[in-house]
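Model, not experiment: these values are computed from the prediction. Atoms within a ligand are numbered from 1 in the order they appear, just like the ligands themselves. FYI, the numbering just counts along the sequence from 1.
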Amino acid sequence: MTSEERRCGYVAIVGRPNVGKSTLLNHLLGQKISITSRKPQTTRHRVVGIKTEASHQIIFVDTPGLHKGAEKAINRYMNRAATTAIRDVDVVVFVGDRPAWTEEDAMVREQISQGGLPCILVVNKVDLLEDKSSLLPHLQFLAAKADFAAILPASALRQHNVDELEKELLAFLPVSQFLFPEEQITDRSQRFLAAEIVREKIMRQLGEEIPYSIAVEIEEFALDGEVLHISALILVERKGQKLILVGEGGARLRSIGTDARRDMELLFDSKAVSYTHLRAHETGRHISYAVFCLTKGGGG
Ligand code: GDP
Ligand code: MG
């Protein structure tokens, strides 16, 4: 297998609590669990596991809970965060576990559709079905409800159809170099997460005004004594986008930096002390430059 033929992409596993998402993920990952974030963050797009084989690498990301009842501000916020996370993956695995199609299921499916993403429906816990003959009509019923790329009956617990699911997923991964080291947690994955955090904050604050195609490069990720220096370079295509990103007197970029640092503190177990500096410049596509400064392991 040459590296040109390899596939690598992002997969989100979504569904109501208790349907078996974690069980499914554990079995998909097998022994090769590579948790890249130690602290659970409910509102951030978070890598929960990476499965690397000779031919492919699947990066599973967590989406915050998708909620009905948007009357609560927190739920509105969570829904927006979830939609953002969903937009950023190659394929969504939608896990359900009961012979029904609820309003909530329909809402989740609708959010996935809005992201224009392929969606594989996993009907989990089929081992609990007493009447196996009810399965086929149920699958047909679901197929009529929404446009799924595939519908798989499965038992995450008994590992029924889990390998099958992995095979289905491969078809949706782009041909790509692996984005994570094949072995385990390294600095590179921390750099990657730092870039993802910055990107997510930009999307959250400016999602309507900035195209999703922006890129963030981590230029420096270095521990200097007690201080973790992280420098992020944000790449946008046009000058107008740069102006939006920088904001009045640099206010927008500072605000993005503040939000990003908060998440980085949690993720890298550090305490922010200050910006070392913050500036913007234009060199070809290299537009904005922000430096985050964090202190390792600070309390409070
Ligand atoms: P999550 O909240 O969606 O992550 O669900 P979990 O993976 O934590 O599973 C919730 C419960 O359902 C646990 O008690 C699992 O053991 C159980 N469960 C998960 N998958 C299956 C399955 O295929 N069959 C059965 N019978 N139970 C399952
Ligand atoms: Mg879970």
Side-chain angles (χ1 to χ4, degrees), residues 10-51 58-69 72 74-75 78-79 81-86 88-89 91-112 115 117-139 141-143 145-146 148-169:
Y10 288 87
V11 175
I13 300 183
V14 304
R16 282 174 282 101
N18 229 28
V19 291
K21 298 182 296 298
S22 299
T23 310
L24 185 63
L25 181 65
N26 286 340
H27 286 303
L28 281 164
L29 291 170
Q31 292 306 302
K32 291 185 153 189
I33 287 184
S34 175
I35 300 297
T36 58
S37 163
R38 285 159 297 150
K39 296 190 177 183
Q41 288 295 303
T42 48
T43 56
R44 195 179 57 237
H45 171 170
R46 188 170 65 103
V47 175
V48 290
I50 300 166
K51 178 154 192 184
I58 309 178
I59 304 159
F60 292 99
V61 298
D62 202 14
T63 55
L66 291 148
H67 295 264
K68 202 159 64 97
K72 289 208 176 125
I74 180 72
N75 285 353
M78 296 280 281
N79 280 341
T83 313
T84 303
I86 278 177
D88 204 19
V89 300
V91 55
V92 177
V93 176
F94 184 8
V95 186
D97 74 341
R98 60 183 176 212
W101 182 254
T102 66
E103 199 187 322
E104 198 173 355
D105 291 332
M107 191 205 75
V108 173
R109 183 65 187 91
E110 175 57 28
Q111 292 204 1
I112 298 166
L117 291 168
C119 178
I120 296 174
L121 177 65
V122 171
V123 181
N124 194 30
K125 305 195 185 182
V126 292
D127 56 292
L128 294 179
L129 273 184
E130 276 171 21
D131 177 12
K132 303 287 180 212
S133 69
S134 67
L135 186 59
L136 189 60
H138 179 54
L139 297 180
F141 164 80
L142 291 168
K145 281 286 166 195
F148 294 106
I151 299 182
L152 273 182
S155 169
L157 199 63
R158 310 227 183 286
Q159 304 206 47
H160 171 64
N161 261 355
V162 175
D163 289 345
E164 207 52 49
L165 173 62
E166 187 174 342
K167 270 190 223 134
E168 293 277 352
L169 290 176

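Considering CZ of Phe60 and CG of Leu169, their distance stands at 6.0 Å, rounded to 0.5 Å. Atom CZ of Arg109 and atom SG of Cys119 lie 4.5 Å apart (nearest 0.5 Å).
Summarising the contacts of atom 9 (O) of ligand 1 with Val162, Val95, Thr23, the nearest heavy atom is found in Thr23. In this comparison of Lys125, Arg158, Lys21, His27, the heavy atom closest to atom 21 (C) of ligand 1 sits on Lys125. Nearest-heavy-atom check against atom 27 (N) of ligand 1 across Leu157, Leu129, Val126 picks out Leu157. Heavy-atom proximity to atom 26 (N) of ligand 1, evaluated over Asp97, Val19, Asp127, is greatest for Asp127.
Taking any N or O of Leu24, backbone or side chain, none lies under 3.5 Å from an N or O belonging to ligand 1. Any N or O atom pair closer than 3.5 Å counts here, and Ala156 shares at least one such pair with ligand 1.
A donor-acceptor pair is defined here as one N or O able to donate and one able to accept, closer than 3.5 Å; no such pair exists between the side chain of Lys21 and the backbone of Val14. In this structure a side-chain-to-backbone donor-acceptor pair under 3.5 Å is missing from Lys125 to Gly20.
Atoms of ligand 1 found under 4.0 Å from any heavy atom of Leu128 (numbered from 1 in listed order, with element): 26 (N). With ligand atoms numbered from 1 in the order given, ligand 1 contributes 22 (C), 23 (O), 24 (N) to contacts under 4.0 Å with heavy atoms of Ser155.
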Evaluate side-chain contact (heavy atoms from CB on, under 4.5 Å) for Leu117 paired with Val91, printing each intermediate quantity in order. CA-CA 6 Å; Leu117 291 168; Val91 55; over 6 Å; no
Residues Val92, Ile120; criterion side-chain contact (heavy atoms from CB on, under 4.5 Å); working and verdict: CA-CA 6 Å; Val92 177; Ile120 296 174; over 6 Å; no
